[in-house]
Amino acid sequence: RRGRDPEAALLYAQAAELAPTDVAILNALGLCYARLGRNAEAVSTLKRAVDAKPGHALSHYRLGHTLWKMNDPLAAEVSLKKALAQDPSLADALSCLAAIAAGRGDARESGSLARQALQLVPADPTALSIAAAADFTNGDIAHAEERLRAALRGPSISLETKVQVLGLQGRVLMSREGHSEAFAVYSARNDLFATSEGSSGRASGQLRAMDAFLAEAPRSFWQSPVIGTSDQMSPLFIVAFPRAGAEVLAALLARHPNVVPSVAPDALGEACAEFLAGPEGLRAFCSLDAAAVTRLREAYRVVAWPKGASADSRLLVDASAANLTRLPLLSKIFPGSRVVVIERDPRDVIASCFAELPRVADFFGSERAPASVAKLIGLAVDIVRVVRDRAAMPLMSLRYETLIADAEVSVSAVCEFASLDSVARSFDKTAPVKDMYGYAAERPGMWRGWARELAAAFAALEDSAAAV
C-alpha cells in the first residue's frame, strides 16, 4: 500500500515458503511480482494459487490479467472466463475480456462486455473507455464523448487508462474535423504516456547503426554463401516504416490458406542478436560461411514458425516492425526470399506516428518527437535504396494508399510476386480488416489538418532523403 513493492515481495516470498498453499499469500506475492514487471514469476506464483484452490475467482482473474499484459490474450481469456464462472460479478474480469476483444478489433463483443462491467461498476474508467471505443466504431459519437468525459472524471482512473481515454478523445475530435483540438489532446496524451512507460527504442538505434555501417560496408557483406538444396525456406518479408500499413497487408495475406504468419514479434532479431549489438557484429556478419548461415536460418525458423504447423507448400509471412532495420541482412540469410516494401506518404506517417504513439513507442524510444521521426524516415529510405542497388534479391514496392483504396488488386499483385495462388478457395481479399491497428480513422492526406503544428517536422523531412 505504501508503494514499497520490492520489500513486500520479499516478505510475501518468505511467507509463501512457510505456507506454500495459502491462496491469499500467493495472490499478494503474484500481484507484487506483476507490479514490479516480473511477469514470469507472477504467472508461476498465480498458477500455484490456482492449483491450490481451483475455485478461487480472484486467482484466475489475476493470472488472466497478467497473461494479458504479457501479450498472451488466448491464455488470458481462458483464465478470465474461469474467474467469471466462479464469480459472475467480477467486473474487472469483464473489463479485461472487453479489452482483449477490443485488441482484436471486435467492437461488438468488446462493447457488450464493457456494458456488462458497467452494470456492476457504473463508474469503472476502463469499462467506460472500452464502451466509448465501441460507440465510436458504431458511429455513436455523442455517446462515446459522454463516456470519455465520465471516465476522465473518475477519481480511480489509472495512468494507463487515462492515456487510452485521451487517445480515443483525439480520434473523436479528428472525426469532427477538430484538428487543432485533437492535436492538443494527443500532445497531452503523449506527454502523459512518456511518464508511464520506458520504451527502449532499440529499433531506431539499430536503424541509425545500420545506415552508418552501410555507408562503408565491404562488398563481402552483400555476397551470400551457397546454401544446400535441403534448406529451401524462403519467407515473404514485409518491410515498412511504423504506421505505413505492414499490419494491414499481413492481416489480408493471413486469410490465404497457404500462408502462415510468423508468431514472433522479431524473429530475425532473436536469430541475429549477436550481429546487431554494434558495428563489430555487423562486420563479423560479412564473413559468415554457409554453415553459419544455415544455423541462423534454423534459429529463425524455430522462433518464427508456429509449433505444429505443416511446412509443406506453405509460405511464412513475416511483417515484424523491426524488419526495416534487418533488411540488409536478408540478402545473406535468405537470398531467395521475396520482400514487399510498403511506402506511404511520409507526411502522413509522421502524423500517424504522433496520433498513435503508444502503438509505436517501442520502435522510437526517446526519438519520438515528430522532427526526430522525420529524420528516421530519411535513414529508412536510404537503407531501402542501398539494398535495391546492391542486394541480389527480389523487392516489390507497394503503396499504402493503393492498398487501402483497392485491397483486391494490391493483394493479388503481392500473391503473384510471392508465387501464391491469388484465387485460392476461401481466400477473401476484399473484406475489411478489423481495426486492431488504428488505421480506420486515417485518410490519405491526413497531415494537412496539422500542417501548421507539424511544420518543423515536415521541414526536417524535406532536408532528408525522404522528400516527397
Quiz item: For Lys81 and His60, what are the C-alpha separation, side-chain angles and deciding distance, and is it a side chain to side chain contact (heavy atoms under 4.5 Å, CB included)?
Solution: CA-CA 8 Å; Lys81 288 177 179 178; His60 286 292; over 6 Å; no
Quiz item: How far apart are the C-alpha atoms of Ser156 and Asp124, what are their side-chain angles, what is the distance that settles it, and do they pass the side chain to side chain contact (heavy atoms under 4.5 Å, CB included) test?
Solution: CA-CA 8 Å; Ser156 63; Asp124 178 63; over 6 Å; no
Quiz item: Checking side chain to side chain contact (heavy atoms under 4.5 Å, CB included) for the pair Asn190/Phe354: CA distance, chi angles, key distance, verdict?
Solution: CA-CA 8 Å; Asn190 291 351; Phe354 174 79; 3.4 Å; yes
Practice problem: Carefully, step by step, assess Glu177 and His179 under the rule side chain to side chain donor-acceptor pair (under 3.5 Å). | Solution: CA-CA 5 Å; Glu177 302 296 325; His179 300 291; 3.0 Å; yes
Quiz prompt | Step-by-step side chain to side chain contact (heavy atoms under 4.5 Å, CB included) determination, Arg297 to Val293 | solution = CA-CA 6 Å; Arg297 290 164 67 95; Val293 169; 3.9 Å; yes
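Using a 4.5 Å heavy-atom cutoff, the side chains of Phe334 and Leu296 are not in contact. Looking at heavy atoms from C-beta onward, Pro20 lies in side-chain contact with Arg48 at the 4.5 angstrom threshold. Counting only heavy atoms from C-beta outward, the side chains of Ser337 and Leu236 never approach each other to under 4.5 Å. In this structure, Lys162 and Leu192 have side chains that are in contact, with non-hydrogen atoms separated by less than 4.5 Å. Two residues are said to be in side-chain contact when any heavy atoms from C-beta on lie closer than 4.5 Å; Leu18 and Gln14 fail this criterion. Within the 4.5 Å cutoff, no side-chain heavy atoms of Arg443 are placed close to those of Met174. A 4.5 Å side-chain heavy-atom check between Leu268 and Leu330 finds at least one atom pair inside the cut-off. Side chains of Phe136 and Ser175 form a contact here, defined as non-hydrogen atoms less than 4.5 Å apart.
Between the side chains of Asp318 and Ser320, no donor-acceptor pair of N or O atoms lies under 3.5 Å. For the residue pair Gln206/Arg326, the side-chain donor-acceptor check at 3.5 Å is satisfied. Using modelled atom types, one finds a donor on one side chain and an acceptor on the other under 3.5 Å when comparing Ser158 with Thr161. Side-chain polar atoms of Asn27 and Ser59 form a donor-acceptor pair below 3.5 angstrom.
In terms of heavy atoms, Gly170 sits closest to Val185 at N-CG1, 3.9 Å. The two residues Ala52 and Val23 make their nearest non-hydrogen contact at CB-CG2, 4.2 Å. Across every non-hydrogen atom of Tyr439 and Glu247, the tightest pair is OH-OE1, 2.8 Å. The nearest pair of heavy atoms linking Ala8 to Cys32 is CB-SG, 3.8 Å. Of all non-hydrogen atoms in Leu166 and Ala188, the two that sit nearest each other are CD1-C, 4.5 Å. When all heavy atoms of Ser79 and Leu63 are compared, the closest pair comes out as OG-CD2, 3.6 Å.
Put simply, the side chain of Arg344 gets close to the backbone of Arg243: a donor and an acceptor are under 3.5 Å apart. Remark: the backbone N or O of Pro125 is not paired with any side-chain donor or acceptor of Ser129 at under 3.5 angstrom. The closest donor-acceptor contact from the side chain of Thr137 to the backbone of Ala133 lies under 3.5 Å. A donor-acceptor pair under 3.5 Å is formed between the side chain of Arg368 and the backbone N or O of Gly365. Side-chain atoms of Arg38 never come within 3.5 Å of backbone atoms of Arg35 as a donor-acceptor pair (strictly under, hydrogens ignored). With Asp348 contributing its side chain and Met446 its backbone, the two residues share a donor-acceptor pair below 3.5 Å. Looking only at distances, a side-chain donor or acceptor of Ser331 sits under 3.5 Å from a matching main-chain atom of Pro328.
Ion pair Lys375/Glu367 not flagged as a salt bridge, since none of the NZ, NE, NH1 or NH2 atoms sits closer than 4.0 Å to an Asp/Glu carboxylate oxygen. Of the charged side-chain nitrogens involved, none lies within less than 4.0 Å of a carboxylate oxygen, so that Glu356 and Arg189 do not count as a salt-bridged pair. Taking 4.0 Å as the cut-off between side-chain N and carboxylate O, Glu181 and Arg176 do not count as a salt-bridged pair. Using a cut-off of 4.0 Å between Lys/Arg side-chain N and Asp/Glu carboxylate O, Arg295 and Glu298 are scored as not salt-bridged.
Taking the six-membered ring for Trp and thresholds of 30 and 60 degrees, Tyr186 and Trp450 have ring planes more than 60 degrees apart, a perpendicular arrangement. Between Phe241 and Phe364, the two ring planes are tilted [angle within 30° to 60°]. Between His65 and Trp68, the two ring planes are perpendicular [angle over 60°; tilted spans 30° to 60°].
In this structure, CG on Leu376 lies 11.5 Å from OG1 on Thr325, to the nearest 0.5 angstrom. Of the inter-residue distances, the one linking Leu26 atom CG with Tyr12 atom OH reads 11.5 Å to the nearest 0.5 angstrom. Here the straight-line distance linking atom CZ of Arg171 with atom CD1 of Ile141 works out to 10.0 Å at 0.5 Å rounding. Here the CZ atom belonging to Arg108 is positioned 10.0 Å from the CG atom belonging to Asn138, to the nearest 0.5 angstrom. Atom CD of Glu77 and atom CG of Leu67 lie 11.5 Å apart (nearest 0.5 Å). Interatomic distance, Leu94 CG to Leu118 CG, rounded to the nearest 0.5 Å: 10.0 Å.
Ring centroid separation for the pair Tyr300 and Trp305 does not come in under the 6.0 Å cut-off.
Of the options Ile342, Leu403, Leu398, Ile238, a side chain to side chain contact (heavy atoms under 4.5 Å, CB included) to Val414 is made by Leu398 and by none of the others.
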